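Here the structure comes first, spelled out in structure tokens, and everything after it is commentary.
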Amino acid sequence: MTVISHITCPVCGDFCDDIEVTVEDNVITDVKNACAVGAARFLNYATHRRTKPLIRKDGELVEASLDEAIRKSAEILADATYPLLFGWSSTSCEATRVGLELAEEVGGVIDNTSTICHGPSILGIQDIGISSCTLGQLRHRADLIFYWGSNPWDAHPRHIERYTMFTEGRFQRSTWRKYVSRLGGTVTEKRLQRTANLLLDHHPPTPIETGQGLPYTMFQKKRKMVVADVRKTRTAEAADYFLQVEPNRDYELLQAFRMLIRDGELDVEEVAGVPVELLEEVADVMIGCELGVFFFGLGLTMSEGRHRNIDAALSLVRDLNQYTKFLIMPMRGHFNVTGANVVFTWQTGYPFAVDLSQGFPRYNPGETSTIDILRRRESDAALVIGSDPLAHFPKKTAQNLIKNPLIAIDPELTPTTLMADVVIPPAYVGIEAEGTAYRMDHVPLPLKKIVDPPETCLSDEEILRRILNEVRRIRRKLN
Amino acid sequence: MPKLKATLLTGRTIDQGTERERGKFSEEYRRSVTICEIDPDDMKRLGVTENDNVRVSTDSGSVILRAVKSARAPHPDVIFVPYGPWASLIMNSETHGTGMPLLKGLPAEVEQAPEEKILSLRELLEKHYKREHE
Amino acid sequence: MNGERIDLYICDGKVVEKVDERKAKVIDASGMMVMPGGVDIHSHIAGAEVNAGRLLRPEDHVKDVEAKTAVTRSGVGYSVPSTFTTGYRYSRMGYTTVMNPSMPPLEARHTHEELNDTPMIDKAAFPLIGDWWVVLEYLQDDRIEECAAHVAWIMRATKGYAIKIVNPGGLEAWGFGRNVAGIDDSVPHFNITPRDIIRGLCKVNKLLNLPHTIHVHTNNLGRPGNYATAIETMKCVEDLAEEDNPVIHITHCQFCAFKGSDWQTLQSGAEEIAEYVNQHNHVTLDMGQVVFTDTTTMTADGPFQYGLYGLTGNKWVNHDVETETSGGIVPFRYRRKSHVNATQWSIGLELALLIEDPWRIYLTTDHPNGAPFTTYPKVISWLMSTVARKKMLKRISRRARRKSLLPSIDREYNFDEIATVTRAGQSKALGLKQKGHLGLGADADIAIYNLNPKTVDPSIEYKAVTRAFCKPAYTLKGGEIVARDGEIVKPIQGGTFWVDIKLSKPWEPSEDLKLKFREYWTVEYENYPISEDYLKASLPIRVEARI
Amino acid sequence: MIILTPKRSFTVPVGGECISPDTFAAKSTSEMANLPVWEGNKKRALGHLFRIELKTAPSESLTIRIRGDAGRIRRIGAKMSSGRIVIEGNAGMHLGEEMNGGAITVVGNAGSWAGSRMKKGTIEIKGDAGHYIGAAYRGSNKGMNGGAITIYGNAGNEVGCFMRKGLIKIHGDVGQFTGIHMKNGTIYIGGDSEVRAGAQMLGGKIVVLGRIPSILPTFTIDDIKSRVKIDGEKVEGPFYRFLGDLAENGNGKLFISQKQNTHLTPCERFL
């Protein structure tokens with residue numbers, strides 16, 4: 001039995017690096033420090049994985065040797081006129097580097113999953129810029145934490161504990177105690193209310209004013225948390241202020257904030273369902289803080305407005321810097337989606353949706369992005385790595401994806417691997433293979449190898465390297 | 001039969017996150033993502049109770065899901081479905097020139113569907129994504 | 001070089017006394033000019049902020065692309081080229097060694113990943129240490145030796161080459177949106193001033209015996225009147241110099257040679273700086289020349305970049321790095337007709353022409369801050385030709401022209417001096433003994449320019465000079481022909497230098513530091529250092545420290 | 001006149017930037033047939049994809065006529081400076097991108113980015129057009145800088161994004177964010193507009209004849225005008241005139257039909 005510490009967690013964009021695992025006979029038996037999702041990954045990854053490559057023959061996926069699967073993949077890609085290479089956010093930067101070389105060699109379009117998560121954020125950044133930082137900066141200094149359209153409690157379970165409200169910094173203290181006592185208060189209050197209702201058979205209970213900023217925050221000089229979302233999430237419940245936004249109206253609200261920050265007067269009573277008075281109060285809190293941070297999630301990028309929501313948010317934060325220090329950060333989903341953007345950018349100049357078909361990088365989301373290419377049915381082959389587009393792409397695009405030859409590099413049984421023509425299960429990166437990945441704030445950290453992979457499984461990087469070599473061999477033979 | 005016109009949101013949940021680690025074809029995963037969170041008052045109006053099956057439709061198709069009360073209500077006219085193959089069936093692929101389809105904030109309709117059953121992942125793939133062979 | 005004809009022998013990547021001519025490959029360079037490969041002491045080519053600049057500027061890439069060839073990878077160019085393109089373009093210009101002067105230590109792994117993908121050149125990176133909390137804490141208590149041991153750990157952990165200081169104290173203050181006003185302003189929350197930081201790290205540098213001096217981006221950079229800060233900065237380490245050895249490098253000096261009280265009254269402070277430098281041997285500088293073009297400014301100086309955003313209204317990136325440093329990016333177009341930009345153009349050249357000793361002022365554009373590195377040949381033509389300077393002077397803002405010192409300067413660099421400011425001086429300042437010359441034992445990094453120094457008069461034929469420096473006939477790296485007539489013929493990896501510091505007694509980080517790590521950073525101490533095998537071609541420089 | 005007829009239908013994108021009067025000028029048909037064209041990652045000759053006919057008719061300017069569907073052919077007429085292109089079917093994305101003169105007519109629909117970064121000339125689209133008409137490239141603030149685009153059908157989102165000068169006339173409906181970040185120039189919408197017209201605009205003029213669901217809260221009503229002038233022509237109103245986008249300290253003008261938008265009547269109290 002060995003205990004290994006300081007493991008990085010290959011699940012979400014927080015990419016915690018303090019995980020401790022216990023390994024017995026090449027099996028992970030215990031996990032410490034991880035959140036529920038992280039622990040589930042370490043403990044269950046092996047239970048439903050595949051180890052043997054598969055090739056579709058006569059409509060059925062049958063076991064094949066690795067060499068066969070590599071050769072078949074190379075043939076598909078070498079033959080294609082407009083192949084698509086998609087995924088890259090759940091693998092190492094080392095694998096992505098080879099992937100880019102492969103995409104260039106086969107003249108394809110290479111795109112990562114940010115195309116359907118924070119792609120709009122990148123478009124916004126390219127128009128406005130971004131005032132950002134690494135997470136420690138916030139831990140030490142931020143006294144105002146604003147989550148907009150993101151729900152760390154569910155999507156980034158340790159975010160609040162490691163980087164924001166519940167962490168001790170040099171200049172800011174944790175608000176954990178405050179939260180616990182308040183939570184206690186709320187529960188007691190709810191219980192009393194329920195009892196009262198039962199006894200008195202009253203009108204429907206009046207909602208308890210926890211979120212609208214009054215009782216708990218009045219004398220609080222410490223860290224404050226504001227949440228804006230279309231639904232009241234668990235994160236929202238922990239906030240000092242909660243702004244419930246009408247769906248698809250975030251843009252209006254953000255722009256209204258920008259106007260208030262400029263000391264402008266709004267001609268309306270409410271914006272996106274939020275009373276202007278409350279907006280004014282929150283705007284004052286934003287201007288008055290020492291260092292504020294604005295975290296935003298897919299609630300902004302995936303709803304109407306998309307990159308323009310981000311445009312407005314980035315502009316708001318930029319404008320706030322005339323009064324105080326304000327920073328902003330996208331809440332990235334996969335553990336290495338940031339890394340995929342980073343590697344794409346240093347090799348091609350563009351972070352996603354890179355079309356290499358003409359021998360040099362071209363970029364124009366909407367034109368060279370995966371969903372659009374598939375919707376218009378332009379590609380004639382695809383390689384998918386570490387992603388499950390069949391489960392997550394809109395139906396029509398997913399249907400078009402499987403109208404052409406499909407290669408899937410994935411250790412798991414997923415809808416995509418089930419529908420692919422070639423399936424190559426690799427070693428699990430971050431568990432069975434090492435590499436580099438980037439946390440959501442661009443801090444690079446090592447992915448570790450904790451246990452040995454099954455004999456038949458190579459790392460993503462090696463598989464791609466072998467496909468690339470095979471493609472080059474085919475090309476040489478043709479010339 | 002009453003219909004609810006609603007705004008459809010999708011997103012991550014901690015259940016979806018942990019259960020996917022049991023494998024996409026596991027029953028746990030299916031249970032975690034084939035839900036549709038509806039405001040309790042809207043549920044009354046629709047005539048459904050917790051765990052009844054409902055049909056959720058958009059301009060791109062429809063899917064059968066299990067109704068559950070949305071926590072921390074009120075969220076009138078807003079429904080929530082976790083990411084996954086079921087939600088994808090009713091997503092529109094238009095990106096308006098941005099590369100990003102509208103995955104949150106779609107107009108949708110909900111109605112009760114007591115006779116319908118929720119597809120398993122294999123059934124879903126069989127029905128909607130049958131592979132064409134040359 | 002002065003038209004002297006010699007035979008040069010190369011074996012195993014080194015310059016040697018003699019090889020067997022029958023077995024050797026011969027390059028006929030008669031009528032051409034042979035120089036050591038170019039060395040760039042300060043060019044932002046890799047790492048977090050460069051890459052953020054790339055991400056920010058699709059509109060910059062789209063106008064300048066490189067298609068893949070049989071031997072090279074594709075990429076994009078102009079002001080923030082992709083990594084492969086960066087390597088190729090330097091090599092095609094006859095450069096073989098480039099220093100990346102700004103590496104946020106927490107993100108060092110990123111810098112090295114990019115350097116691994118930057119082919120054709122040898123390179124190194126300077127970690128930013130001037131606002132590192134632990135360093136500030138040691139220095140405020142005057143614990144220089146402990147600080148030195150800590151810096152040795154930083155160098156090893158980040159695989160760094162030299163101590164980089166940017167707006168000392170100002171970046172810590174920027175954590176809360178503030179700045180420091182000069183070298184004696186106190187740093188908020190610390191009992192220390194920029195002067196203490198510069199002096200302290202200068203002492204640390206000496207204790208560690210590092211090959212390069214401290215590399216300083218001064219306080220108040222880019223502000224009218226800052227030439228005084230620059231001179232004070234140089235002065236503050238005057239007493240730390242031993243003999244004639246430099247102890248401080250003031251980088252992109254053009255940006256800190258502004259005289260005047262505001263933008264309206266801006267004028268050149270080059271004369272004052274040159275006067276000081278001509279009288280003191282303890283300082284080296286590089287130009288940070290401005291060329292009129294559309295480029296991308298990027299520095300670790302967060303407050304400076306915010307100021308630049310305020311001036312231009314252009315898109316702005318800020319990136320604070322916890323407990324260490326910050327950074328910023330703003331696209332910028334230098335305009336001939338802008339009185340400020342034109343004055344900046346003049347200041348850079350004035351510095352290079354007024355500082356007498358070419359061994360102490362080096363040609364840079366602070367790529368991409370003053371201009372992309374691909375403009376070096378143009379800068380060379382201005383240094384070599386009063387005619388070329390006059391021609392540009394005619395086209396710039398009238399106000400700037402009236403105030404420019406250039407019309408009063410007759411000096412024209414000769415090829416020898418050009419070789420000094422583009423390679424020999426730079427490698428000497430960097431302590432790279434095997435670079436920048438073609439003596440026995442030197443690395444066979446060679447640039448052969450299709451230009452006959454005997455027949456060409458650079459003062460008049462400056463256009464021919466520019467052309468020749470844009471596209472050398474041959475670039476050799478480690479004895480191999482890697483580029484010919486502006487085309488890459490053989491891609492090579494190129495190594496990464498870092499200082500492997502040997503302390504007199506082995507130093508292990510204390511438990512105290514490990515605990516501090518948890519407190520100060522959001523990553524584990526164990527995950528911070530980069531191992532040597534992370535570098536694709538590691539070139540450690542062994543250094544014996546005095547402690 | 002040069003007539004191009006597609007020899008087959010295309011699935012992967014085809015780069016059609018060589019289809020421009022500037023490139024074709026003074027070339028024989030065989031020279032034209034040899035012009036390189038990318039079809040996906042394959043470099044082909046134009047003659048491989050199109051039948052090329054030369055009809056020598058005495059005409060003052062060179063005209064290219066595409067007979068058939070060019071919906072997958074991108075960048076037709078990019079950077080052209082004179083002459084004329086007529087597309088009898090649909091046109092692909094980036095039609096007339098960075099155009100500097102001449103005229104393009106599309107009988108069918110056109111894809112997104114038609115007329116993006118154009119400086120001079122005219123583009124006429126009889127059918128619908130996609131998104132980002134007359135827009136800037138990603139990351140740039142230099143959109144359409146002159147010339148005119150007329151669309152008889154509908155257009156998508158972000159018409160005139162970062163527009164600096166010129167005229168865009170759309171007789172049908174438009175999507176969201178019309179005139180986003182526009183600095184100057186005029187956008188006329190004959191039909192309805194979705195929300196967020198004029199978002200983040202700094203200057204210029206947007207006229208909406210049809211219905212718009214709402215005006216951004218960062219605009220303020222300033223006047224009611226009986227008519228508005230577009231390119232010298234008078235369009236009868238009355239129109240509400242809004243100023244904005246105040247979040248950007250902008251001074252753009254939004255003319256919204258009063259009759260079609262009775263739901264905006266409450267705004268009048270601020271006059």
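Every heavy atom of this structure was used, including side-chain atoms; hydrogens, water molecules and symmetry mates were not. Small disclaimer: the values here were computed from a predicted structure and weren't measured. Residue numbers begin at 1 in each chain, while the letters A, B, ... track the order of the sequences.
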- Set of residues satisfying salt bridge (charged side-chain N to carboxylate O under 4.0 Å, His left out) with respect to B:K117, sequence neighbours excluded: B:E123
- What residue in B:G61, B:G105, B:S93 has the most heavy-atom pairs under 4.5 Å with chain A?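 Maximum pair count with chain A is reached by B:S93.
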- Task: Under 4.5 Å, counting heavy-atom pairs only, tell me which of B:R12, B:R72, B:R20 racks up the most with chain A.
- Result: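 Among the listed options, the one with the most contacts to chain A is B:R72.
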Rounded to the nearest 0.5 Å, what's the gap from [atom1] on [X] to [atom2] on [Y]? Could you check?
X	Y	atom1	atom2	result
A:T370	B:M100	OG1	CE	11.5 Å
A:H392	B:L103	NE2	CG	11.0 Å
B:K24	A:D410	NZ	CG	7.5 Å
A:R375	B:T95	CZ	OG1	5.5 Å

If you compare all heavy atoms of [X] against all heavy atoms of [Y], which two are closest, and at what distance to 0.1 Å?
X	Y	value
B:I14	A:P157	CD1-CG, 3.9 Å
A:L390	B:L125	CD2-CD2, 4.1 Å
B:P101	A:I116	CD-CG2, 3.7 Å
B:G99	A:D372	CA-OD2, 3.1 Å
A:I402	B:K130	CD1-O, 4.3 Å
A:L418	B:F25	CD2-CZ, 3.8 Å

For [X], is it the side chain, the backbone, both or neither that has a heavy atom under 4.5 Å from a heavy atom of chain B?
X	answer
A:P415	both
A:C35	neither
A:R234	both
A:A46	neither
A:P152	neither
A:E412	side chain
A:T368	neither
A:L413	both
A:S369	side chain
A:A398	both
A:D250	neither

Is [X] in contact with chain A via its backbone, its side chain, both, or neither, using a 4.5 Å heavy-atom distance?
X	value
B:L121	side chain
B:E19	neither
B:L9	side chain
B:T7	side chain

- Quick one: ring-ring contact (aromatic ring centres under 6.0 Å, His included) partners of A:Y363, sequence neighbours excluded?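 For A:Y363, the residues satisfying ring-ring contact (aromatic ring centres under 6.0 Å, His included) (neighbours in sequence not counted) are A:Y350, A:F352.
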- Check the pair B:K104 / A:E304 against salt bridge (charged side-chain N to carboxylate O under 4.0 Å, His left out), numbers first and verdict last. CA-CA 8 Å; B:K104 293 179 194 278; A:E304 270 187 25; over 6 Å; no
- Message: Is the shortest side-chain heavy-atom distance between B:M91 and A:K396 below 4.5 Å?
- Response: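 Contact flag for B:M91/A:K396 side chains = no.
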- Query: Are a donor atom and an acceptor atom from the side chains of A:R306 and B:H96 found within less than 3.5 Å of each other?
  - Reply: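 Yes, B:H96 and A:R306 have a side-chain donor paired with an acceptor closer than 3.5 Å.
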- Does NZ in A:K395 sit with more than 12 non-hydrogen atoms of other residues, nucleotides or ligands closer than 6.0 Å?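 Counting other residues, nucleotides and ligands, NZ of A:K395 exceeds 12 neighbours.
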- Message: Can you list everything that forms a side chain to side chain contact (heavy atoms under 4.5 Å, CB included) with B:E109? Sequence neighbours excluded, please.
- Response: B:K3, B:K5
Do you know which of [options] has the most heavy-atom pairs under 4.5 Å to chain B?
options	result
A:V11, A:D111, A:N44	A:N44
A:V230, A:D388, A:T233	A:T233
A:G366, A:P365, A:A391	A:A391

- Item | Residues of residues 75-84 of chain B near chain A, each having a heavy atom less than 4.5 Å away |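 B:H75, B:V78, B:F80, B:Y83, B:G84, listed by number.
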- Message: Does A:D154 form a side chain to side chain donor-acceptor pair (under 3.5 Å) with B:T13? I'd like the steps, not just the answer.
- Response: CA-CA 5 Å; A:D154 279 284; B:T13 67; 5.5 Å; no
- Message: With a 3.5 Å distance limit and no angle check, can you tell me whether A:H48 reaches the backbone of B:E21 through a side-chain donor-acceptor pair?
- Response: yes
